[in-house]
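Quick notes on the structure that follows.
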Amino acid sequence: MIDNRFGFLTNFKKCLHKTGQMLYISSDPEPNERVSEWFQNTVEALEKEGIRFDRCSLVNGHNASMLKDAITQTDVIFLSGGHLPTQNLFFQRIGLRDILTGFDGIIVAQSAGSMNCAETVYVCPELPGESIDPNFERFRPGLGLTDINIIPHYNDNHGLILDGKRFYEDIISPNTFKMPVYLLPDGSYFYTHDGKTELFGEAYLFHCGKLELLEKL
């Protein structure tokens, strides 16, 4: 099922001109059962809305070499959710940023995928031990598709304790003095088109340790 509370499906259909090929790029270089399920769910949800592609492919490290040739025949790319640091390293390894240069189709970025779209990605700790690991990199090169940094699933992470620390207050807040981030509840999204970016739904701007609720569109 596609969440259309804030008009995502309407905007998607407005941009969709061809349904030849869809690529779903994984967050994991290795075959991942959870990502495979997300891929299938995405295909089925689109078909229920009358959107059927001629070809749909799940891309991971085992077939990523096909991307350079396939990209010219691709109409829509989905960037999967998953473990953000793993996906970031995978994207760097396959040179996805360069591959996407000049791509004029639609990119739908979900969860970790949306975070990795930034020029410089704020990599927030997700797993136990990451927030206390002195070698954990908080800022990494991204795909350069936007200058917006996102942390999704705001409501799910509210009240989260990781490594004995409060997720937003103790782990994320100190880094917002270096880089502002937008906290998005599920269903909200940024829509970039025609040289401008719009927020649909609601978001919180987290900057210099302070939260500011942004207006809904």
Side-chain angles (χ1 to χ4, degrees), residues 1-84 86-87 90-91 94 96-97 99-117 143 145-146 148 150 152-156 184-194 197-203 216-217:
M1 181 178 177
I2 297 176
D3 190 338
N4 197 38
R5 280 176 291 172
F6 303 113
F8 170 80
L9 188 60
T10 303
N11 285 324
F12 181 73
K13 288 182 174 180
K14 188 189 305 181
C15 298
L16 184 64
H17 303 302
K18 294 187 293 182
T19 53
Q21 177 162 264
M22 181 268 270
L23 299 179
Y24 192 97
I25 304 180
S26 177
S27 55
D28 194 330
E30 298 302 321
N32 183 302
E33 185 176 338
R34 186 170 60 166
V35 174
S36 295
E37 184 177 339
W38 292 338
F39 166 61
Q40 292 298 331
N41 289 344
T42 299
V43 173
E44 292 172 6
L46 290 170
E47 289 182 349
K48 285 181 180 178
E49 299 294 341
I51 302 170
R52 183 182 295 271
F53 292 91
D54 297 335
R55 297 173 304 281
C56 296
S57 300
L58 173 59
V59 180
N60 56 33
H62 291 251
N63 63 348
S65 59
M66 54 84 88
L67 273 173
K68 282 187 179 180
D69 293 329
I71 203 76
T72 58
Q73 305 298 320
T74 298
D75 304 301
V76 178
I77 293 173
F78 280 84
L79 302 178
S80 172
H83 184 236
L84 175 64
T86 299
Q87 185 185 60
F90 174 46
F91 285 179
I94 65 176
L96 185 59
R97 177 173 179 145
I99 291 172
L100 292 178
T101 300
F103 176 68
D104 61 356
I106 299 171
I107 298 176
V108 180
Q110 303 165 301
S111 194
S114 65
M115 301 169 79
N116 273 315
C117 284
L143 296 177
L145 299 174
T146 179
I148 294 173
I150 294 170
H153 314 304
Y154 170 72
N155 294 333
D156 289 346
L184 266 64
D186 289 349
S188 297
Y189 62 96
F190 285 101
Y191 174 39
T192 299
H193 63 106
D194 302 325
T197 298
E198 298 178 82
L199 168 66
F200 286 80
E202 68 179 23
K216 298 181 180 182
L217 293 178

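Just so it is clear, the model here is predicted, and its values are computed rather than measured. Computed over heavy atoms, backbone and side chain alike; hydrogens, waters and symmetry mates excluded. Starting from 1, each residue takes its place in the sequence as its number.
Within the 4.5 Å cutoff, no side-chain heavy atoms of Asn60 are placed close to those of Val35. Side chains of Val76 and Leu46 form no contact here, defined as non-hydrogen atoms less than 4.5 Å apart. Contact annotation: the side chain of Phe8 never approaches that of Phe200 to less than 4.5 Å [non-hydrogen atoms, C-beta and beyond].
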Discussion item. Apply side-chain contact (heavy atoms from CB on, under 4.5 Å) to residues Thr197 and Ile148 and explain how you reach the verdict.
Written reply: CA-CA 10 Å; Thr197 298; Ile148 294 173; 3.7 Å; yes
Practice prompt. Test Asp156 against Asp186 for side-chain contact (heavy atoms from CB on, under 4.5 Å), laying out the working first.
Written response: CA-CA 9 Å; Asp156 289 346; Asp186 289 349; 3.9 Å; yes
Fill in: Derivation and outcome, side-chain contact (heavy atoms from CB on, under 4.5 Å), residues Lys48 and Ile2
CA-CA 9 Å; Lys48 285 181 180 178; Ile2 297 176; over 6 Å; no
Discussion item. Evaluate Cys117 against Phe190 for side-chain contact (heavy atoms from CB on, under 4.5 Å), listing each step before the verdict.
Written reply: CA-CA 12 Å; Cys117 284; Phe190 285 101; over 6 Å; no
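Summarising the geometry, atom NZ belonging to Lys14 is positioned 11.5 Å from atom CG belonging to Leu9; distances are rounded to the nearest 0.5 Å. How far CZ of Phe90 is from CG of Asn116: 11.5 Å, rounded to the nearest 0.5 Å. The distance from the CZ atom of Phe39 to the OG atom of Ser26 is 11.0 Å, given to the nearest 0.5 Å. For the atom pair CG (Leu16) and CZ (Phe53), the distance works out to 5.0 Å, reported to the nearest 0.5 Å. How far CZ of Phe6 is from CG of Asn11: 12.5 Å, rounded to the nearest 0.5 Å. Taken to the nearest 0.5 Å, the OG1 atom of Thr42 stands 10.5 Å off from the CD atom of Glu37.
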Quick one: side chains of residues 104-113, donor-acceptor pairs under 3.5 Å with protein atoms, not counting sequence neighbours, listed by atom name and distance.
| from | atom 1 | to | atom 2 | distance (Å) |
| --- | --- | --- | --- | --- |
| Gln110 | OE1 | Tyr24 | OH | 3.3 |
| Ser111 | OG | His153 | NE2 | 2.8 |

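In terms of heavy atoms, Arg97 sits closest to Leu143 at CG-O, 3.4 Å. Between Arg34 and Gly82, the closest heavy-atom pair is NH2-CA, 4.4 Å. Between Leu23 and Ala70, the closest heavy-atom pair is CD1-CB, 4.3 Å. Shortest non-hydrogen contact noted between Ala64 and Val59 is CA-CG1, 3.8 Å.
Checking side-chain atoms of Tyr189 against main-chain N and O of Gly7 turns up a donor-acceptor pair under 3.5 Å.
For residues 70-83, every residue pair satisfying the side-chain hydrogen bond (donor to acceptor under 3.5 Å, both in side chains) rule, not counting sequence neighbours, is listed here: Gln21-Thr74, His83-Thr86, His83-Glu130.
Around the NZ atom of Lys13, the shell of radius 6.0 Å holds more than 12 heavy atoms that belong to other residues, nucleotides or ligands. Around the CZ atom of Arg5, the shell of radius 6.0 Å holds more than 12 heavy atoms that belong to other residues, nucleotides or ligands.
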